[in-house]
Each structure stands twice: as structure tokens, then as C-alpha cells.
Trainee: 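I'd like to ask you about the structure that follows.
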Amino acid sequence: MRPDLGVLLAAVEASGEAIIITSADIDEPGPRIEYANPAFTRMTGYEAREVVGRSPRLLQGPLTDRSVLDALRAGLEAGEPVHGEAVNYRKDGSTYVVEWLITPVREADGRITHWVSTQRDVTDRRAYEDRQAMMMRELHHRVKNTLATVQAVLNATVRSSLSIPEFTCALSGRIASLARTHALITEDLAQAASFEGLLRAELDPYDERGRLSLEGRPRRRAAVRACRAGRHGPARTHHQRPAARLPSRP
């Protein structure tokens with residue numbers, strides 16, 4: 001039993017995904033749009049009457065990836081369903097990322113008469129995926145930096161330790177100091193930390209036999225700003241001028 005055409009049209013009109021139907025010719029000026037549902041209007045800003053008779057190329061622009069369009073054409077020439085994503089342009093000139101699936105409509109003899117394209121705006125999803133990828137790259141970068149720091153601390157501790165117990169104690173203290181410093185510069189909601197506190201947290205484990213003294217202006221604070229892709233660790237401190245001197249004692 002063939003479905004009622006009125007029911008099919010109502011379903012397409014009510015669809016939340018943009019749907020357009022075009023002619024089969026893919027060479028310019030084709031394919032020509034023969035139908036566009038209301039979801040297409042909501043996504044692009046074009047009314048159906050503004051696009052019928054025109055090519056979907058009107059949605060393309062400078063940021064549309066040419067290689068994606070070449071792959072699309074190759075799939076259409078092969079008469080195959082084609083899935084992809086591209087940057088499109090709305091009527092007002094703003095961009096969005098569209099995901100489309102284009103399928104052929106065939107006669108009984110296999111001849112293609114139309115193309116049906118279902119489309120959705122995936123701009124938010126793509127932005128989320130890009131942020132996730134950036135965060136993974138940043139995490140990888142920071143882990144590498146942390147491991148390099150631990151390796152440097154290990155090497156310095158080996159050189160300065162006279163015995164295994166002394167090495168164990170010194171290494172534990174120095175690793176713990178890294179954790180305390182990290183907590184100071186990441187857990188302060190005001191994104192500011194005492195400069196003296198940072199120095200003491202970092203340097204106390206190195207003050208073997210009273211070799212270091214800490215002097216400077218009291219209550220000096222350093223602004224702490226997260227560094228998205230820093231070369232030297234997960235955060236940096238920023239201050240106008242040094243607030244402490246660290247003379248070493250013999």
C-alpha cells in the first residue's frame with residue numbers, strides 16, 4: 001500500500017531538519033531547488049519562494065571548503081548518497097556549519113530524477129568538539145610539562161643528595177611543593193596569590209641546612225592567569241616588579 005502523499009508532505013513540512021529537493025542535473029546552473037521545507041527557512045533565513053529555481057550554491061561562500069564540495073560532486077556523479085559537513089552562509093551573511101545527507105531519487109529504470117538533501121545546523125556541536133579537541137591537546141601539553149618538571153626535580157635531587165634516605169626525603173618534599181604551588185595558583189577564586197606564599201611553597205623543600213633566606217615587601221600579590229598553551233607549565237604569574245630577594249647562604 002502506497003503512503004498518502006498528503007501525509008508525506010505534512011511529515012516533511014513538520015520535520016525539524018531542513019529538507020530540499022533539487023533537480024537531477026549537477027552542472028551549473030543546476031541543480032535547481034524545487035522544494036524547501038519550513039525548517040530550511042528557519043536555518044538559512046531564506047523563504048522557499050526565494051530559493052526555488054536557484055542552486056544550493058547560493059549558500060556557499062569564501063569559507064566553504066572547496067575540497068568538501070569536490071567530494072560532494074564526485075559522489076553525486078557516481079549516483080551515490082553523499083554525507084558531509086561544510087560552512088554555509090545564511091541570508092544575512094552569517095555562517096553556520098551544516099551537516100547534510102544527499103540521496104538520489106530514481107525511476108524504475110534506475111535513472112536519477114531528483115536529489116533529496118536533509119540538512120541540520122551543527123555549529124554548536126562542532127564548536128563543542130573543537131573545544132574538546134583543544135582541551136585534549138592542552139592536557140597532553142601540560143602532562144608533558146609536568147613530567148619534564150618532575151624529571152628535572154629528580155635529577156637535581158640526585159645530584160644534591162648524599163644518601164638514599166636523604167634523596168627520598170628531599171624528593172618527596174620537592175614533589176609535594178609542586179602540588180602546593182599548583183594549588184595556590186589554581187584554587188584561589190580571585191586568581192591572585194601571595195607572591196611570598198608562592199615562593200615559600202616552591203622553595204622551602206630546597207632550603208637544606210638553611211641555605212636560603214626570603215626577604216621582600218609584605219603582602220605583595222601576584223596575579224595568576226591560566227595559560228592556555230604555555231610552554232612552561234599550567235599557569236603563569238604576572239607582577240609589575242620583583243617583590244622578593246632570594247640570597248643564598250654559604
Side-chain angles (χ1 to χ4, degrees), residues 1-139 228:
M1 178 178 176
R2 296 178 64 84
D4 184 273
L5 294 181
V7 173
L8 287 177
L9 178 59
V12 171
E13 292 275 307
S15 173
E17 293 191 346
I19 299 175
I20 61 174
I21 301 175
T22 72
S23 58
D25 52 313
I26 60 177
D27 292 323
E28 293 190 40
R32 288 184 169 88
I33 298 173
E34 298 183 5
Y35 168 83
N37 73 344
F40 176 84
T41 295
R42 292 193 296 270
M43 184 173 69
T44 67
Y46 287 101
E47 298 290 340
R49 66 177 181 275
E50 297 179 285
V51 298
V52 169
R54 302 176 67 181
S55 168
R57 293 184 182 90
L58 72 97
L59 302 172
Q60 299 168 11
L63 295 179
T64 308
D65 190 337
R66 185 71 246 176
S67 65
V68 172
L69 300 180
D70 291 343
L72 167 61
R73 182 180 179 87
L76 297 181
E77 288 178 341
E80 300 172 347
V82 183
H83 176 266
E85 289 184 10
V87 174
N88 269 3
Y89 288 75
R90 300 183 182 91
K91 182 180 179 179
D92 64 7
S94 62
T95 61
Y96 64 102
V97 180
V98 62
E99 178 185 39
W100 29 255
L101 174 63
I102 303 175
T103 55
V105 177
R106 299 179 184 273
E107 291 283 11
D109 60 4
R111 180 174 59 89
I112 296 175
T113 61
H114 295 85
W115 298 100
V116 177
S117 175
T118 57
Q119 306 176 0
R120 67 178 65 174
D121 184 342
V122 295
T123 306
D124 291 342
R125 188 192 74 188
R126 175 55 63 197
Y128 171 79
E129 292 172 349
D130 289 344
R131 287 195 299 271
Q132 290 294 101
M134 182 188 70
M135 290 174 64
M136 288 302 298
R137 291 193 298 269
E138 175 66 8
L139 177 61
R228 180 173 295 176

Trainee: Mind checking side-chain contact (heavy atoms from CB on, under 4.5 Å) for Thr123 and listing every partner two or more places apart, or none if nothing turns up?
Mentor: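 Partners of Thr123 by the side-chain contact (heavy atoms from CB on, under 4.5 Å) criterion, ordered by chain and then number, come out as Tyr96, Val97, Asp121.
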Trainee: Taking distance alone, no hydrogens or angles, what donor-acceptor pairs closer than 3.5 Å link side-chain atoms of residues 8-18 to residues at least two apart or in another chain?
Mentor:
| residue | atom | partner | partner atom | Å |
| --- | --- | --- | --- | --- |
| Glu13 | OE2 | Tyr35 | OH | 2.4 |
| Ser15 | OG | Glu17 | N | 3.1 |
| Ser15 | OG | Glu17 | O | 3.3 |
| Glu17 | OE2 | Arg120 | NE | 3.0 |
| Glu17 | OE2 | Arg120 | NH2 | 2.1 |

Trainee: Report yes if the side chains of Ser94 and Tyr89 come closer than 4.5 Å at any heavy-atom pair, otherwise no.
Mentor: no
Trainee: Any side-chain heavy-atom pair from Arg126 and Asp130 closer than 4.5 angstrom?
Mentor: yes
Trainee: Can you name the residues that form a side-chain contact (heavy atoms from CB on, under 4.5 Å) with Glu28, not counting sequence neighbours?
Mentor: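 Per chain and number, Glu28 pairs via side-chain contact (heavy atoms from CB on, under 4.5 Å) with Arg57.
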Trainee: Throw together a table of side-chain donor-acceptor distances under 3.5 angstrom for residues 60-78, partners on residues two or more places apart or in other chains.
Mentor:
| residue | atom | partner | partner atom | Å |
| --- | --- | --- | --- | --- |
| Thr64 | OG1 | Gly61 | N | 2.9 |
| Thr64 | OG1 | Gly61 | O | 3.3 |
| Thr64 | OG1 | Val87 | O | 2.7 |
| Asp65 | OD1 | Ser67 | N | 2.9 |
| Asp65 | OD1 | Ser67 | OG | 2.7 |
| Asp65 | OD2 | Ser67 | OG | 3.3 |
| Arg66 | NE | Asp70 | OD1 | 3.4 |
| Arg73 | NE | Glu77 | OE2 | 3.0 |
| Arg73 | NH1 | Ile26 | O | 3.2 |
| Arg73 | NH2 | Asp27 | OD1 | 2.3 |

Trainee: What pair of heavy atoms forms the shortest contact from Gly79 to Pro104, and how long is it?
Mentor: O-CG, 3.7 Å
Trainee: Would the distance check show the side chain of Arg90 and the main-chain N or O of Thr95 forming a donor-acceptor pair, the cut-off being under 3.5 Å?
Mentor: yes
Trainee: Do Val116 and Val105 make a side-chain contact, defined as non-hydrogen atoms from C-beta onward lying under 4.5 Å apart?
Mentor: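 Sidechains of Val105 and Val116: in contact.
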Trainee: With sequence neighbours excluded, what pairs up with Arg111 under the side-chain contact (heavy atoms from CB on, under 4.5 Å) test?
Mentor: Glu107, Asp109, Thr113
Trainee: Quick one: closest heavy-atom pair of Glu80 and Trp115, and the distance?
Mentor: O-CZ3, 4.1 Å
Trainee: Indicate yes or no for a side-chain donor-acceptor contact from Ser117 to the backbone of Ile20 under 3.5 Å, with no hydrogens or angles considered.
Mentor: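 Pair absent, no side-chain N/O of Ser117 close to backbone of Ile20.
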Trainee: Give a yes or no on this: more than 12 heavy atoms of other residues, nucleotides or ligands lie within 6.0 Å of atom CG of Asp124.
Mentor: no
Trainee: Between Thr22, Thr103, Ile21, which is the residue that forms a side chain to side chain contact (heavy atoms under 4.5 Å, CB included) with His114?
Mentor: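 For His114, the side chain to side chain contact (heavy atoms under 4.5 Å, CB included) test succeeds with only one of Thr22, Thr103, Ile21, which is Ile21.
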Trainee: Could you tell me if the side chain of Ile33 sits less than 4.5 Å from the side chain of Tyr46, heavy atoms only?
Mentor: no
Trainee: Please identify each residue that fulfils salt bridge (Lys or Arg N to Asp or Glu O under 4.0 Å) with Arg42, with sequence neighbours left out.
Mentor: none
